[in-house]
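Just so you know, these numbers come straight off a predicted model, no measurement behind them. Just the heavy atoms: all of them, side chains too, but no hydrogens, waters or symmetry mates, feed the values below.
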Amino acid sequence: QVQLVESGGGLVHAGDSLTLSCATSGLSFRTYDMAWFRQTPGKEREFVAAISWGDATYHADSVKGRFTISRDNAKNTVYLEMNSLKPEDTAEYYCAAADIPPTMGGSYYRTRGGTYEYWGQGTQVTVSS
């Protein structure tokens, strides 16, 4: 059984930092692409960042330069380091996993939620002004 469990969310002030973690089990982590998405009530799910099994990274323009995705294959865990947080970063953050073939390179598939097979339950990040 595949499980993705996010942690690290919380209530912070604008300008603060947080690091989210997503611990996985039940899948061959080192061969999976991993991603973070976020969603606020009444809005569509939004891509935040992705990291391929080969460590290529992709970040949404809205978080580029502030957020960094990384992975630790020894711990089967993906991270999202978030700096200079803004109130508009407030959302539920979800971790996702996908087995993307090497022939499907680039950002097109990795930035789309429909590509991902497995999802976590989410962790709330709230940034006050």
Open item on the list: Quick check on the hydrophobic clustering: are L4 and Y94 connected, directly or via other members, by side-chain heavy-atom contacts under 4.5 Å?
Closed with: no
- [ ] Using atom types as modelled and distance alone, determine if a side-chain donor or acceptor of H59 lies under 3.5 Å from a backbone N or O of I69.
- [x] yes
Open item on the list: Would you say the ring centers of Y116 and F37 fall short of 6.0 Å from each other?
Closed with: yes
Task: Short N-O contact, D89 and K86, less than 4.0 angstrom - done: no
Task: Heavy-atom donor-acceptor pair, T77 side chain to K75 backbone, under 3.5 Å - done: yes
Task: Interatomic spacing from CD in E46 to OG1 in T111 - rounded to 0.5 Å - done: 11.5 Å
Task: Distance-only side-chain donor-acceptor flag, T24 / N76, under 3.5 Å - done: no
TODO: Indicate yes or no for a side-chain donor-acceptor contact from R110 to the backbone of M34 under 3.5 Å, with no hydrogens or angles considered.
DONE: no
Open item on the list: Closer than 3.5 angstrom, by distance alone: can the side chain of E6 be matched with the main-chain N or O of G122 as a donor-acceptor pair?
Closed with: yes
Open item on the list: Donor-acceptor check, side chain of S17 to backbone of N83, threshold 3.5 angstrom: yes or no?
Closed with: no
Open item on the list: Between T90 and E88, is there a side-chain donor-acceptor contact under 3.5 Å, judged purely by atom types and distance?
Closed with: no
Task: Reported CD1-to-OH distance for the pair I100 and Y108, which is rounded to 0.5 angstrom - done: 12.5 Å
